Amino acid sequence: MAYSIPSDDHEHAIDTSGPLEYSTEENKLKILGFWVFLGAEFVLFSCLFATYIVLHGNTAGGPTSQQLYDVNGFMTETMLLLVSSFTSGLAIHAMRNNQKNQMIVWWIITMGLGAGFVGMEISEFVHYVSIGATISRSAFLSGFFTLVGTHGAHVTLGFFWMLSILIQIIRKGITPITARKAFVVSLYWHFLDVVWIFIFTVVYLTGKVV
Amino acid sequence: MLPRYFYNFSTFMSMFPHNYLIYGADVSIVGATALIIFVLTYFKKWKWLWDNWITTVDHKRIGIMYILAAFAMFFRGGTDGLLMRTQLALPNLHFLSAQHYDEIFTTHGTIMILFMAMPMLIGLINVAVPLQIGARDVAFPYLNAISFWTFFFGAMLFNISFVFGGSPDAGWTSYAPLSELQFDPGPGENYYLLGLQLAGIGTIATGVNFLVTILKMRAPGMTLMKMPQFTWATLITSIIIIFAFPVLTVALALLTIDRLAGAHFFTIAAGGMPMMWVNLFWIWGHPEVYIVILPAFGILSDVISTFSGKKIFGYTAMVVSLAAIAALSFTVWVHHFFTMGAGAAVNSFFGVSTMLIAIPTGVKIFNWLFTMYRGRIRFTTPMLWALAFIPTFVVGGMTGVMLAVAPADYQYHNSYFLVSHFHYVLIGGTVFGAFAGIYYWWPKMFGHKLNERLGRWHVGTFVLFFNMTFFPMYIVGLMGMTRRMYTYPSGLGWTALNLIETIGAFGQGASMMIMAVNIVRSIKFGERDVTGDIWDGRTLEWSTTSPAAEYNFSVLPQVTSVDEWWEEKKRGVVRPDHATFKPIHMPNNSGWPFLIGLSFFIAGFGLVFNWWLSAIVGALGIITFLFLRSFDYNTDHYIPVDEVKRVEAAAGR
């Protein structure tokens with residue numbers, strides 16, 4: 001058997017031809033792994049959507065989706081999250097241009113918009129509960145709180161994840177490792193944005209009409 | 001607030017089952033734990049345990065831990081099985097109460113599938129796949145350790161149920177609404193939901209890990225169609241895991257929310273739909289049975305090829321049939337509940353899709369036979385397991401096709417005919433395949449062979465007693481005996497068959513003792529594997545030492561063909577020149593995965609008893625350890641060239 005001799009440090013050799021986050025073998029592996037994980041997340045949310053759709057009409061005499069959903073509220077939430085996805089893209093753009101300060105600014109704006117989204121969602125939930133539309137009121141509401149709540153919990157986790165990456169960027173600067181970490185969390189953030197677009201369409205828009 | 005929690009807690013403590021069997025189990029658990037602690041302390045092994053095993057990120061060690069845990073669970077699930085067979089040996093026995101019997105069959109099924117079959121195979125995957133593809137580790141070694149520890153603590157959470165609050169008792173399928181709070185109060189069902197949830201998280205991570213490992217970390221020159229068959233089976237299995245396990249995650253979460261937060265997903269009241277549980281459960285559940293059979297298929301292919309001295313017959317057809325089985329596995333779930341009245345059209349579709357699976361499976365069976373045809377067959381223990389697998393699995397598969405005939409299924413649905421069918425495929429398939437793998441890779445794991453003579457006794461007695469236990473179940477099932485009945489009257493013509501089954505079951509238990517003796521005996525007397533290639537193997541894992549060094553390969557192999565190691569032996573083996581060694585980059589050991597698993601356990605235990613304080617402490621633990629890891633930049637190290645030279649020289653290379 002012929003033996004190939006890898007370079008001294010195969011996994012950490014820096015390849016500058018592509019973006020920084022893809023510059024090492026280890027980074028490429030981790031980014032691919034995260035894409036695969038998002039595939040699993042996609043299945044998870046599909047099941048929650050299916051459950052919500054199946055149970056949508058089962059209101060058991062309680063409030064219906066038409067009565068509950070507030071157009072201004074969910075439109076604002078949607079705009080906050082969509083814009084935050086855009087600003088996280090700008091942060092990654094700044095990262096690739098090696099503009100640390102710009103990146104940090106966009107990163108903080110993204111987190112602020114995310115926090116605003118989570119805050120609005122919490123107040124929406126609190127309002128529903130205060131008028132008696134709780135998770136145990138009907139199967140429809142069980143499906144609603146679980147689907148939208150799971151998304152909200154993901155966004156919340158994403159917020160704290162971003163916080164930890166922010167601290168690392170501030171402390172270590174933009175390196176292949178921190179760039180990869182930031183890129184992965186931005187992938188997660190975009191994914192949550194995509195899921196929200198489905199929630200916006202399937203839950204809120206459809207629920208307001210049907 | 002605290003006193004109320006304590007009150008809650010003490011109520012559940014008073015639910016300690018008052019039963020001499022449970023007391024016996026309590027005593028043996030306490031005794032065994034005390035013995036383990038004593039031995040570790042007496043021989044000053046705590047640090048050794050922590051440094052070499054608990055914090056390890058080495059795929060080979062993680063694989064061994066998976067297999068050890070799987071054997072422990074095999075013992076637990078087997079004991080449950082023997083208790084059931086004791087109860088059913090004769091008519092009108094009341095050795096176990098109806099409630100206790102319900103608990104036993106629930107834990108038997110759940111443990112054997114999720115905590116025995118899966119970890120046994122995932123263990124073998126961990127041990128063999130990185131070696132087969134010529135890699136130094138998996139893509140995400142740290143995540144691999146998290147997978148193991150979440151599985152381990154999930155299994156522990158499930159297993160403490162029967163001594164601490166009460167076992168789950170709604171069957172391994174946990175059908176709603178029976179499994180809802182209204183009909184099944186107490187912590188038992190919560191244990192099921194949370195124990196499986198923890199283990200499921202680990203399994204998804206394993207799926208991601210091995211998919212990326214196999215796609216991106218193969219040795220140079222190893223194209224996809226030059227991979228060993230077991231690696232192919234693992235790749236396909238990983239894809240099934242990634243698409244099937246999130247469905248289980250959701251199903252378990254929804255039922256948990258029903259039980260803990262009073263939601264109405266699967267209740268009858270307030271618009272819930274119990275059938276939604278059944279559908280979600282089996283959308284995961286059917287792919288799950290392929291998750292536990294495809295790796296066994298892969299083991300069979302490698303073992304049969306090795307011991308027939310031939311390349312696998314129809315390599316491409318074998319790969320295509322694996323992929324076809326995986327795709328079809330997602331289209332058959334309704335066959336688990338034909339009798340629930342989905343209608344003729346739906347039942348027909350799922351009946352036909354189920355029968356279609358027999359085609360790729362048949363292709364595999366024939367290809368194994370053709371691989372053996374005109375081969376130089378060596379009747380080693382792994383090969384004997386493979387030979388036992390083929391006819392047994394065919395019987396199980398053919399009865400599966402019978403069950404797929406929807407109108408006929410109305411006759412034998414949930415009868416012992418079904419029980420026999422799935423034991424023929426899960427024991428005759430998964431367990432025989434896993435045992436073939438265990439005997440085959442044992443030298444690679446531990447550096448010595450298991451004794452062949454005892455191995456033959458193990459195969460022979462196990463296959464005999466297996467058929468003695470399960471073949472009569474086909475007959476008694478057709479006679480009308482249904483599954484899960486805790487006792488039966490005399491005069492139905494079932495007695496003799498049931499007695500034979502019970503004798504067979506204890507025979508299987510005795511047969512496993514032969515394996516236990518073999519394992520212990522071979523530590524001292526087993527034939528040492530000094531060459532690393534004790535079976536005259538064909539694939540890359542046999543080109544390195546047994547057990548393989550921490551870094552697996554001193555220099556990454558260059559691959560040019562299927563069965564690369566076999567081809568190289570024909571050309572003449574050239575060991576890598578020490579002058580070409582480079583420092584090897586490896587991940588550091590880490591204690592976080594164990595602590596994350598422990599935190600999951602604490603959180604899960606709190607949720608089982610609605611003990612929110614414990615749930616919050618556990619959740620904070622998980623988050624804290626995840627963050628600490630994120631800030632840890634000291635995650636890897638280099639093995640210097642001198643160290644590699646020393647290790648290789650010590651192995652005579």
Side-chain angles (χ1 to χ4, degrees), chain A residues 1-12 25-26 28-30 32-37 39-48 50-51 54-55 57-62 134-143 145-146 149-150 157 160-161 163-165 167-168 171-172 177-178 181, chain B residues 139-140 143 204-205 207-209 211-212 215-217 219-221 242-247 249-251 253-254 257-258 261-265 267 269-273 276 280 283 543 555-560 564-565 567-568 571 573-574 576-577 580 582-583 585 623 627 630-631 633 636 638:
Chain A
M1 183 165 20
Y3 282 86
S4 75
I5 315 296
S7 62
D8 277 5
D9 184 355
H10 183 59
E11 282 170 61
H12 284 106
E25 277 305 310
E26 193 183 322
K28 286 180 192 167
L29 280 182
K30 287 189 169 165
L32 176 67
F34 197 77
W35 274 106
V36 176
F37 169 72
E41 285 270 72
F42 178 77
V43 179
L44 184 134
F45 275 104
S46 306
C47 294
L48 292 175
T51 308
V54 164
L55 299 176
N58 299 7
T59 51
T134 64
I135 194 168
S136 48
R137 178 62 192 84
S138 69
F140 153 62
L141 283 164
S142 303
F145 278 112
T146 306
T150 304
L157 179 73
F160 287 106
W161 186 1
L163 182 65
S164 97
I165 304 303
I167 297 167
Q168 292 176 48
R171 285 193 352 200
K172 308 236 170 204
I177 294 178
T178 55
K181 288 184 175 190
Chain B
F140 314 116
L143 183 66
I204 293 175
V208 173
N209 212 336
L211 181 68
V212 177
L215 286 181
K216 301 297 276 188
M217 295 184 65
I242 290 159
F243 286 104
F245 259 79
V247 187
T249 304
V250 168
L254 298 186
I257 293 168
D258 268 6
H264 291 285
F265 288 107
T267 58
M273 288 178 79
M276 193 66 194
L280 286 173
I283 289 173
S543 70
V555 175
L556 292 182
Q558 180 86 36
V559 177
T560 53
E564 174 64 29
W565 175 237
E567 299 298 326
E568 190 195 331
R571 290 194 300 265
V573 178
V574 185
D577 181 358
T580 64
K582 305 274 178 186
H585 173 245
I623 292 165
F627 273 72
S630 182
F631 284 92
Y633 277 67
D636 38 51
Y638 283 90

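Below, chains carry the letters A, B, ... as their sequence lines are ordered, and counting in each starts from 1. Here the structure is a predicted model, which means the values were calculated and not measured. FYI, side chains are in, hydrogens and waters are out, and symmetry mates aren't considered; it's all heavy atoms of this structure.
With a 4.5 Å cut-off on non-hydrogen atoms, A:I135 touches chain B through its backbone and its side chain both. Contact of B:F243 with chain A is made through backbone and side chain together, with heavy-atom distances under 4.5 Å. For chain B, the nearby parts of A:F160 are the backbone and the side chain; heavy atoms of each come within less than 4.5 Å. Of the atoms belonging to B:F627, it is side-chain heavy atoms, and not backbone ones, that fall under 4.5 Å from chain A. Of the atoms belonging to B:V250, it is side-chain heavy atoms, and not backbone ones, that fall under 4.5 Å from chain A. Only the side chain of B:I204 has a heavy atom closer than 4.5 Å to any heavy atom of chain A. For B:F245, no part sits under 4.5 Å from any heavy atom of chain A, backbone or side chain. The contact between B:T249 and chain A is made entirely by side chain atoms (from C-beta outward), counting heavy-atom distances below 4.5 Å. In this structure, chain A has a heavy atom under 4.5 Å from the side chain of B:L254, while its backbone stays farther away. Residue contact with chain B, scored on non-hydrogen atoms closer than 4.5 Å, is absent for A:W35.
Looking at every heavy atom in both residues, B:G271 comes nearest to A:A139 through O-CB, 3.2 Å. The minimum heavy-atom distance linking A:S136 with B:G262 is given by the pair CB-O, 2.6 Å. Contact record, B:V208 with A:G33: CG1-O, 3.5 Å, taken as the closest heavy-atom pair.
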Q: Kindly indicate, with the supporting measurements, whether the criterion side chain to side chain contact (heavy atoms under 4.5 Å, CB included) is fulfilled by B:Y633 and A:T178.
A: CA-CA 10 Å; B:Y633 277 67; A:T178 55; 3.3 Å; yes
Q) Can you check side chain to side chain contact (heavy atoms under 4.5 Å, CB included) on B:D636 and A:E26, steps first, answer last? A) CA-CA 12 Å; B:D636 38 51; A:E26 193 183 322; 4.2 Å; yes
Q.
Using the rule given for side chain to side chain contact (heavy atoms under 4.5 Å, CB included), can you reason through A:L55 versus B:H264, listing the C-alpha separation, both sets of side-chain angles and the distance that settles it, and then say yes or no?
A. CA-CA 10 Å; A:L55 299 176; B:H264 291 285; over 6 Å; no
Q.
For B:F265 and A:T146: C-alpha separation, side-chain torsions, deciding distance, then whether side chain to side chain contact (heavy atoms under 4.5 Å, CB included) applies.
A. CA-CA 10 Å; B:F265 288 107; A:T146 306; 3.1 Å; yes
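The structure places CD of A:Q168 at 4.5 Å from CZ of B:F631, a figure rounded to the nearest 0.5 Å.
Taking the salt bridge (Lys or Arg N to Asp or Glu O under 4.0 Å) definition, one finds that A:K28 meets it with A:E25, sequence neighbours left out. By the side-chain hydrogen bond (donor to acceptor under 3.5 Å, both in side chains) test, A:S138 pairs with no residue at all, sequence neighbours left out.
The choice from A:K181, A:R137, A:R171 that makes the most heavy-atom pairs within less than 4.5 Å of chain B is A:K181. For the set A:G61, A:S142, A:G57, the entry with the most heavy-atom pairs within less than 4.5 Å of chain B is A:S142.
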